Amino acid sequence: RDEIRDWSSDVCSSDLRMPQHVVKRGLDIPIAGRATGAIVDLPVPDAVAYTPTEFAGVIPRIVAKPGTKVRAGDVLFHDKTHTEMVFLSPVCGTVREVRRGERRVITDYIVDVDGTETASFPTFTAAQIQGMSREEARSAILAGGLWAAIRTRPLSLIADPAVVPQSIVVSATETGPLQPGADVLLDATDKDALQAGLVALKALTDGTVFFTSPAGHSHPALQGLSGVEEHTFKGPHPAGDSVVQVNLVDPPRGAGQVWYVSAWDAARIGKLLLEGVFPAQRVYAAVGAGCKNPRFVRTVLGAPVAHVAGEVIPEDVRWIRGSVLTGDATSSDRWMSYYRNAIHVLPNEVKRELFGWTMPQLGRYSFHRAFLSGFFGGGKPRDLRPGIFGGHRGMVPIGVYRKVVATPDIDVPFLFKSISAGDIEESVELGMLDMSEEEAALCTFICPSKIEFDEMLRSGVRQYIKEA
């Protein structure tokens with residue numbers, strides 16, 4: 001790890017006596033619509049749903065069919081390959097519908113809310129959790145429906161329960177555009193649950209559990225944690241991305257896997273073990289210029305998108321689960337995500353100006369400083385819209401992409417030309433399995449050629465999995 005921390009100072013600098021990483025490459029996109037204020041407690045919605053397509057590598061097999069009455073915490077479906085990997089109902093009610101898309105892929109698993117019955121699970125004391133074997137911790141997390149929170153590097157698939165990872169990285173950082181962080185997603189009272197979750201995760205690996213947090217934080221739940229190696233991160237996005245942190249803290253060696261999980265999911269694992277109930281409560285953020293009142297809300301997993309977003313502007317808008325960089329396009333009649341903690345409402349209208357390129361454009365944002373506004377205004381929030389302002393053209397290797405890629409030794413033009421040519425072996429050698437989707441999306445955002453790097457990266461990884 002000391003060798004890792006000695007990487008070029010223009011990428012990341014750290015103190016060898018204290019793992020404090022300062023990421024110098026990246027970009028904080030100054031987009032308007034940040035949520036503010038206290039968390040609003042919403043009433044329980046009429047229905048909730050899972051979107052199984054967001055669980056990478058999972059083939060769902062239905063357990064509770066439409067019309068089945070379920071308690072909160074009952075099994076709805078499980079993975080075909082790992083039948084012990086179950087997905088539990090966030091609420092008590094009746095399974096309304098299982099919607100399918102192309103090739104009969106399950107897109108929505110909907111449960112109507114009715115009642116308050118809750119399934120119970122075994123409870124453990126802190127001392128019992130401390131003494132857990134790997135099999136006991138694994139079985140408890142699987143049975144409690146929280147195994148999907150644990151993902152792997154490389155490939156970012158849900159972790160295979162049979163594998164012993166090289167290490168586990170637990171991240172309490174989030175730097176994505178307008179995304180809520182630990183100050184909102186973790187409560188001050190979550191410290192005991194977080195500590196219990198970290199201890200349970202430690203039982204799953206023979207290696208180290210790394211815990212990453214924002215530099216200079218003062219969150220009570222993140223103070224004085226034991227049994228982990230703590231690292232702090234500071235810098236522009238993607239400094240808070242878990243995948244980038246894995247690359248900088250303990251990248252996979254050989255055929256090894258590094259698992260990663262968010263701190264708020266680790267706290268949910270702790271609550272499951274300490275309290276014996278499936279922790280279905282979630283805090284989401286409604287953000288973006290399309291929201292009349294950007295806000296934080298407390299509701300249940302899989303709540304309706306419109307329920308979380310509240311009132312929106314009377315214009316054509318784009319609904320995005322997650323950030324504008326790597327979020328999923330959705331609609332107001334769909335459901336909140338398992339992994340993503342925000343719904344971004346983005347106005348679709350892109351206003352055009354006659355001979356706009358001849359104007360100083362003082363109100364425009366420009367990463368390349370193509371307008372005067374690029375030289376002043378700093379990080380002032382701006383109403384950014386989904387226009388690309390130009391046509392697609394060939395990739396121009398002018399060295400601009402390295403400014404936003406924090407993972408060392410990634411030559412973006414060479415990597416993506418290799419992916420485009422279908423040369424998977426060379427793509428892997430050039431870092432395809434190391435680069436994060438967040439970094440690729442930042443390259444898309446600043447690309448003068450309007451190339452969709454994130455889509456290309458996903459396509460290359462899918463081809464690698466197919467050929468592996």
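Note that the coordinates shown come from a computational prediction; the quantities given were computed from them, not determined experimentally.
Crowding of Glu117 atom CD: a count of heavy atoms from other residues, nucleotides or ligands under 6.0 Å not exceeding 12. Counting non-hydrogen atoms of other residues, nucleotides and ligands closer than 6.0 Å to CG of Asp112 gives a total above 12. Residue Tyr338 qualifies as enclosed at atom OH: its count of foreign heavy atoms under 6.0 Å is above 12. At most 12 heavy atoms of other shown residues, nucleotides or ligands fall within 6.0 angstrom of atom CD in Glu425. Counting heavy-atom neighbours within 6.0 Å of Arg138 CZ, excluding the residue itself, gives a total above 12.
The shortest heavy-atom contact between Thr232 and Ala215 is CB-CA, 3.9 Å. Ser167 approaches Thr208 most closely through the heavy-atom pair CB-O, 3.2 Å. The heavy-atom pair separating Leu185 from Val283 by the smallest distance is CD2-O, 3.4 Å. Between Ala267 and Ala193 the shortest heavy-atom distance is O-CB, 3.5 Å. Annotation for Arg96 and Ala47: closest pair NH2-CB, 3.4 Å, computed over non-hydrogen atoms. Nearest heavy-atom pair, Ala64 versus Val75, reported as atom, atom and distance to 0.1 Å: CB-O, 3.8 Å.
Pro214 has its side chain out of reach of Lys234: every pair of non-hydrogen atoms, C-beta onward, lies at least 4.5 Å apart. The shortest side-chain heavy-atom distance between Val209 and Glu229 does not fall under the 4.5 Å cut-off. Taking the side chain as every heavy atom from C-beta outward, Asp108 and Glu97 never approach each other to under 4.5 Å. With contacts defined as side-chain heavy-atom distances shorter than 4.5 Å, the pair Val48/Leu301 does not qualify. No side-chain heavy atom of Val228 sits less than 4.5 Å from a side-chain heavy atom of Phe210. Inter-residue side-chain proximity for Val258 and Ile168 is flagged as unmet; no heavy-atom pair is nearer than 4.5 Å. The side-chain heavy atoms of Thr68 and Lys65, taken from C-beta on, include a pair separated by under 4.5 Å. Using a 4.5 Å cut-off on side-chain heavy atoms (C-beta onward), Thr116 and Cys92 make no contact.
His219 and Asp183 share no donor-acceptor pair across their side chains, judged by distance under 3.5 Å alone. For the 3.5 Å distance criterion, the side chains of Thr444 and Asp454 qualify, holding a donor opposite an acceptor. Side-chain N/O atoms of Glu230 and Ser213 include no donor and acceptor closer than 3.5 Å. In summary, the side chains of Ser171 and Ser262 do not present any donor paired with an acceptor at a separation below 3.5 Å, with no hydrogens or angles considered. Residues Glu439 and Thr407 have side chains that bring a donor and an acceptor to within less than 3.5 angstrom of each other. Remark: the Gln463 side chain and the Ser459 side chain contain no N/O donor-acceptor pair separated by less than 3.5 Å. Using a 3.5 Å distance cut-off with no hydrogens or angles, the side chains of Glu438 and His237 do pair a donor with an acceptor. Side-chain contact check for Gln179 and Asn341: no donor-acceptor pair (N or O, by modelled atom type) lies under 3.5 Å. Thr51 and Glu54 share no side-chain donor-acceptor pair at under 3.5 Å. Donor-acceptor pairing under 3.5 Å is recorded for the side chains of Asp333 and Ser331. Side chains of Glu437 and Thr326: no donor on one and acceptor on the other come within 3.5 Å.
Ser427 places a side-chain N or O within 3.5 Å of a backbone atom of Asp423 that can act as its donor or acceptor partner. Counting only distance, with no hydrogens or angles, the side chain of Lys24 and the backbone of Gly235 share no donor-acceptor pair below 3.5 Å. A side-chain donor-acceptor contact under 3.5 Å links Gln128 to the backbone of Thr125. A donor-acceptor contact shorter than 3.5 Å links the side chain of Arg282 to the backbone of Pro279.
Here Thr152 contributes atom OG1 and Gln166 contributes atom CD; the two are 12.0 Å apart, rounded to the nearest 0.5 Å. For the atom pair Gln245 CD and Phe233 CZ, the distance stands at 4.5 Å (nearest 0.5 Å). Note that NE2 of His21 and NE2 of His231 are 5.0 Å apart. Values are rounded to the nearest 0.5 Å. Note that CZ of Phe124 and CD of Gln130 are 14.0 Å apart. Values are rounded to the nearest 0.5 Å. The OG1 atom of Thr94 sits 13.0 Å away from atom CD1 of Ile110, with the distance rounded to the nearest 0.5 Å. Rounding to the nearest 0.5 Å places OG of Ser436 at 4.5 Å from CG of Asp241.
Residues passing the side chain to side chain donor-acceptor pair (under 3.5 Å) test with Arg268, sequence neighbours excluded: Asp265.
Aromatic ring centres of Phe87 and Tyr109: separated by at least 6.0 Å. Between Phe416 and Tyr401, the gap from one ring centroid to the other reaches at least 6.0 Å.
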Dump the intermediate steps for ring pair (Phe, Tyr, Trp, His ring centres under 6.0 Å) on Phe77 and Tyr50, then the final yes or no.
CA-CA 10 Å; Phe77 59 93; Tyr50 277 105; 5.6 Å; yes

Hey, mind stepping through Trp147 and Trp259 against ring pair (Phe, Tyr, Trp, His ring centres under 6.0 Å) and telling me if it holds?
CA-CA 11 Å; Trp147 191 267; Trp259 291 358; 5.6 Å; yes

Yes or no on side-chain contact (heavy atoms from CB on, under 4.5 Å) for Val412 and Cys443, after CA distance, side-chain angles and deciding distance?
CA-CA 9 Å; Val412 174; Cys443 289; 4.1 Å; yes

With side-chain hydrogen bond (donor to acceptor under 3.5 Å, both in side chains) as the test, would you mind laying out the steps for Asp328 and Thr330 before giving the verdict?
CA-CA 6 Å; Asp328 303 320; Thr330 186; over 6 Å; no

Do Val105 and Arg100 pass the side-chain contact (heavy atoms from CB on, under 4.5 Å) test, and can you show the C-alpha distance, the side-chain angles, and the key distance before you say yes or no?
CA-CA 5 Å; Val105 171; Arg100 297 179 182 268; over 6 Å; no

Run Val164 and Arg134 through side-chain contact (heavy atoms from CB on, under 4.5 Å) and show every step you take.
CA-CA 9 Å; Val164 178; Arg134 183 180 189 279; 3.7 Å; yes

Could you go through Lys69 and Asp114, starting from their C-alpha distance and side-chain angles, then the distance that decides it, and tell me whether this counts as salt bridge (charged side-chain N to carboxylate O under 4.0 Å, His left out)?
CA-CA 9 Å; Lys69 177 75 174 179; Asp114 179 22; 3.6 Å; yes

Show the numbers, then the answer: is there a salt bridge (charged side-chain N to carboxylate O under 4.0 Å, His left out) between Asp434 and Arg153?
CA-CA 8 Å; Asp434 300 323; Arg153 289 303 295 167; 5.7 Å; no

Evaluate Thr212 against Val169 for side-chain contact (heavy atoms from CB on, under 4.5 Å), listing each step before the verdict.
CA-CA 7 Å; Thr212 68; Val169 175; 4.1 Å; yes

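Under a cutoff of 6.0 Å and an axis angle of 45°, Arg321 and Tyr284 do not form a cation-pi pair.
For Arg61 and Asp79, the salt-bridge test fails: no basic side-chain N is under 4.0 Å from an acidic carboxylate O.
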